[in-house]
There are 2 protein chains.
Amino acid sequence: MARTAEEIAAVLRDRIQSGELQPGDRLPTMDALADEYEVNRQTARTALNLLKNEGLVEYKGGRAGTVVRERPAARMVRSRGMERDNLGYYSGANVQHWRLIEGTQTEVTTEPIPADIAGYLGIEPGTPVVARKRANGDPEVPAHRQLTDSWLHPEAVAAVPVIAGSSGLGGIYDRIEEHFEQPILWEEEITAINPSPDEAAALLLPPGVPLLRVIRTSTVKVDGRPLVVEVNDIRMSAELFSVRYPMTRKGAARWPVQPASADFYTS
Amino acid sequence: MARTAEEIAAVLRDRIQSGELQPGDRLPTMDALADEYEVNRQTARTALNLLKNEGLVEYKGGRAGTVVRERPAARMVRSRGMERDNLGYYSGANVQHWRLIEGTQTEVTTEPIPADIAGYLGIEPGTPVVARKRANGDPEVPAHRQLTDSWLHPEAVAAVPVIAGSSGLGGIYDRIEEHFEQPILWEEEITAINPSPDEAAALLLPPGVPLLRVIRTSTVKVDGRPLVVEVNDIRMSAELFSVRYPMTRKGAARWPVQPASADFYTS
DNA sequence: TAGTGGTCTAGACCACGGC
DNA sequence: CCGTGGTCTAGACCACTAT
């Protein structure tokens, strides 16, 4: 007989994952679990709490009790690539109708740059730089939202002051390409992290859902050296979104491939 | 004065994030916190527990107490793209020296396919398919490891039976391209999830670290319709790794871009 | 109003690890 | 050994929500 919170949680976890308990189904109450497993109510509560922190169950409040969370059957896939319309470049065709979250504003500030972003720009952490932060999303689907912070390299601002203005992001890439007379190279780096309480609140994240983080760098060549002119830090729910990229064929993998000669295998 | 576990945790969180408490520094003990904030030991413990589940602190055991976690200064960036050497295709040049984790084996089974993977293959969840699972990593850096599950489409196995054999993955892409007489299209979809207890154990993940999940599909055209012949499901620590992709220019964003005519703005 | 989980106090004992 | 966090019992009171 299960006696510890961990063991009780494991039993319930199995019942959920086997499908015996379906999304929306009620879990036994703390008191019922305490009775069944002959433990204290606190112990039963700890078991439920473990499942809640894993994102498997949620508390519906009052009499409704604790239920198995409805989890989105499929994530919204965001195919990544740069496109443009008559207003300029944009990324992600399927979120073009997204707008600023109601009650929020784009904040343009000059502030010390955090260490992780500084690494991409190749400048000292703490250097004051121009940052543009906003929260936007689908007006029809409140949970579909993201946070976007844009950080500009001081050299880029010095060269093209207009990009530090409060205008939308759309135009800055055109201004940069005009000034440096070359195409921007964009790359995206993806990782994940557990949200800070602030981020969880802003993105309406329930407990147990990580943050998917897409960091896009915009690079131009100056005197033969790469200069990262902007870092775009996008955070979204990892439960609701995924990002997709085509995989490029590099070097010897370019099509049509040249079959290796027999020599390779004997050398 | 802070009186609740949440408030005490917030104070400690600030002291960590401001840099007052450095990685490796000891936090106040539960008893010290209980004293300082005039709360019960259990309340102080709850505060420390919150920070532990966020991955900010860790318990070093016994007298060593609770300390601020050393977090990797930078993630290992894995530039994604397909390459090949004389053995065949591979992805990720910087992990070519990775090997099977000692004490584990590649498992080749035929088992019911989970719903999420079935979606990529376009087959019914639960259909028995050939799966190949392994855990590999850097022999020199124990924490640098990943789990890789490969799922083969039954039609692909029927057409090219040799790919279901127990040989390594390297060759299957060549066999598929030979048989279908065309290049494979690879795409990767990235998301994140909190690890199951099994995954956390296999990847040595401390609490509070999400799993970065890269799902690669291999697609060929059969009778003009796309057939996903294989799904490769790669999971790794989101704290230790990130993945990077070049961003492609699509449609009107192709270089050199054609400046929009004035008509667009007035229409 | 009744039943649910949330949180706090209080006290006991255990497991672990450095001293 | 002894101080650390881990966990359990026990009991109290609160906040929220459906009835």
In whole Å, what is the span from the [atom1] atom of [X] to the [atom2] atom of [N]?
X       : N      : atom1 : atom2 : result
B:Glu7  : C:dC8  : CD    : P     : 9 Å
A:Glu58 : D:dC16 : CD    : P     : 17 Å
A:Tyr59 : C:dT7  : OH    : C1'   : 13 Å
A:Arg45 : D:dC8  : CZ    : P     : 13 Å

Check if the side chain of B:Arg41 and the base of D:dT7 share a donor-acceptor pair of N or O atoms closer than 3.5 Å.
yes
Check whether the side chain of A:Gln42 and the base of D:dG11 form a donor-acceptor pair under 3.5 Å.
yes
Which of the following nucleotides, [options], is nearest to the side chain of [X]?
X       : options             : result
B:Thr43 : D:dC8, D:dG5, C:dT9 : C:dT9
B:Val39 : C:dT4, D:dG5, C:dT9 : C:dT9
B:Arg63 : D:dT4, D:dC2, C:dC8 : D:dC2

Once you measure the plane-to-plane angle for B:Tyr245 and A:Tyr245, does it fall in the parallel (<30°), tilted (30-60°) or perpendicular (>60°) bin?
parallel
Under the criterion salt bridge (charged side-chain N to carboxylate O under 4.0 Å, His left out), which of B:Arg235, B:Arg213, B:Arg216 is the partner of B:Asp149?
B:Arg235
Check whether NZ of the Lys or CZ of the Arg A:Arg78 lies under 6.0 Å from the centre of the six-membered ring of A:Trp98 and within 45 degrees of that ring's axis.
yes
Please find the pair of heavy atoms, one from A:Thr104 and one from A:Ala135, that lie closest to each other, and give the distance.
OG1-O, 3.7 Å
Per nearest nucleotide of DNA chain C, the residue lying toward the 5' end, B:Ala64 or B:Asn40, is B:Asn40
